[in-house]
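Below is one structure, written out as structure tokens; the observations come after it.
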Amino acid sequence: MNAPEKISANSEPHVMTTYGRLPMAMSYGRGCWVWDTDGKKYLDGLGGIAVNTLGHAHPKLVPALQEQIGRLIHTSNYYAAPLQEQLAAKLCELSGLTNAFFCNSGLEANEAALKIARKFGHDKGIDFPEVIVYEKAFHGRSIATLSATGNPKIHEGFGPLVQGFVRVPLNDVAAMEEVAQTHPNVVAVFLEVIQGEGGVNPAKAEYLQAVRRICDEHGWLLMLDEVQCGIGRTGKWFAHQWAGIQPDVMPLAKGLGSGVPVGAVVCGPKAAQVLKPGNHGTTFGGNQLAMRAGIETLRIMEEERVMENAAHTGAALLAALHRELAGVAGIVEIRGLGLMLGIELNRPCGELLGRAADAGLLISVTADRVVRLVPPLILSVTEAEQIVAILCPLIKELLAVPPHP
Ligand SMILES: Cc1ncc(COP(=O)(O)O)c(C=O)c1O
């Protein structure tokens, strides 16, 4: 295997410093394991932040993508797009929705959703449409999606923010009923079914059902950001399916291409015809390579029952975390669904990222205090036990030291 990633120790950095990075560089991966350029091996509890659905170098995905690259990567949206049709049809079959638009990332899918909401409002004669969004939400880093995001740290330095958002707390039906009474310009509700970056906070099934009802009563669009929790991660194709409801607009990305950038916004009949020719577009969106990655990801997931594995292994991982961390002082809550799990501690725990990597495990820490596990959905129960065996002693060690005052 070539290792072109080695950087000489004294070379000047030219990549902007938008990330605090750990020093290791990853070289190659197989299944749920990744090796760095020094040959050190890591168990992947991060999945590229909920992206690598099929793990690394999946033996069916690699040849399919190689074949596609040798045939066509990109030709633009000027021409008929049979691969887009194929992936859109599959997403509609899985979701019960009717049409999809393809883009390249989560924030782009959310931008499209927000444009649909605004145009939906304007089409109804509302000149200043408002969208209900959430405390602790995360929808992306563009100006509109960071404005919709409910984390003041992400807003800092980027004002003036985009207007037209009304913010409410999650799982509070009364707060939404109140907004319905006081804000006649609301056109849509926009939320993550499980808040990911906000700390793995699930919307309750009853809450989602109530929001669906309120949206129907007021003629609002229900827009569910499934960028992180969708594509089988929770053990259903889409996390909202646990609540037995359907959105009008569903942005997707992350896991859809198993690592190849693909975004989609999938719509039902109330929203699918809102954008007309010329209203929206993207150069790369829906190109042949991205579409093939989406099609093959979903095909392999079905063939190998990957979603069922996420449910099964996720339940085993959750049970093992409860078993190992039961009664440990400083554990606030262990929560989540399928292979989207969070362990909330009573203190900031960002240093666990480096300590886990040193111990051969990739994880993330989100909302300062929540250890998040979003591994590839092909994780085995044995690998889940290995995650627990590495991670839990590190958490206990951290919690054994009194917190900083
Ligand atoms: C729920 C949710 N929406 C949107 C995004 C933004 O996606 P991207 O980073 O692909 O723009 C993320 C990324 O973490 C996310 O978790």
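Here the structure is a predicted model, which means the values were calculated and not measured. Numbering of ligands and ligand atoms starts at 1, following listing order.
- Checking atom 9 (O) of ligand 1 against the protein gives no heavy-atom contact under 4.0 Å.
- Looking at atom 16 (O) of ligand 1, its nearest protein heavy atom turns out to be Gln228 NE2, 2.7 Å.
- Among all protein heavy atoms, the one lying closest to atom 3 (N) of ligand 1 is Asp225 OD2, 2.8 Å.
- With ligand atoms numbered from 1 in the order given, ligand 1 contributes 3 (N), 4 (C) to contacts under 4.0 Å with heavy atoms of Asn110.
- Ligand 1 places these atoms under 4.0 Å from at least one heavy atom of Glu192: 1 (C).
- Side-chain atoms of Thr313 do not come within 3.5 Å of backbone N or O of Ala310 as any donor-acceptor pair.
- The distance from ligand 1 to the heavy atoms of His139 drops below 4.0 Å at these ligand atoms: 3 (N), 4 (C).
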Name each donor-acceptor pair under 3.5 Å that joins a side chain in residues 87-95 to protein atoms two or more places apart or in another chain, with its distance.
| from | atom 1 | to | atom 2 | distance (Å) |
| --- | --- | --- | --- | --- |
| Lys90 | NZ | Glu93 | OE1 | 3.4 |
| Lys90 | NZ | Glu93 | OE2 | 3.1 |
| Lys90 | NZ | Glu302 | OE1 | 3.1 |
| Lys90 | NZ | Glu302 | OE2 | 3.1 |
| Ser95 | OG | Leu91 | O | 2.7 |
| Ser95 | OG | Leu97 | N | 3.1 |

Residues 176-189 side chain polar contacts: donor-acceptor under 3.5 Å, at least two apart:
| from | atom 1 | to | atom 2 | distance (Å) |
| --- | --- | --- | --- | --- |
| Thr182 | OG1 | Glu178 | O | 3.0 |
| Thr182 | OG1 | Val179 | O | 3.4 |
| Asn185 | ND2 | Phe128 | O | 3.4 |

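- Close approach to Leu107 involves these atoms of ligand 1, each under 4.0 Å from a residue heavy atom: 6 (C), 7 (O), 8 (P), 11 (O).
- Summarising the local packing, NE2 of His280 is surrounded by more than 12 heavy atoms from other residues, nucleotides or ligands at distances under 6.0 Å.
- Between the CG atom in Leu352 and the CZ atom in Arg372 there is a gap of 14.0 Å [rounded to 0.5 Å].
- Glu206 and Lys204 are not joined by a salt bridge, as no carboxylate oxygen comes within less than 4.0 angstrom of a charged side-chain nitrogen.
- Interface atoms of ligand 1 facing Ser105, defined by a heavy-atom separation under 4.0 Å, are 10 (O), 11 (O).
- Heavy atoms of Glu197 found under 4.0 angstrom from ligand 1 belong exclusively to the side chain.
- Ionic pairing of Lys254 and Glu226 is not present here: no N-O contact between side-chain nitrogen and carboxylate oxygen is shorter than 4.0 angstrom.
- Considering backbone and side-chain N/O of Lys254, one or more are found under 3.5 Å from N/O of ligand 1.
- Counting only heavy atoms of the protein, atom 7 (O) of ligand 1 lies nearest to Gly106 CA, 3.3 Å.
- Remark: the backbone N or O of Thr297 is not paired with any side-chain donor or acceptor of Ser258 at under 3.5 angstrom.
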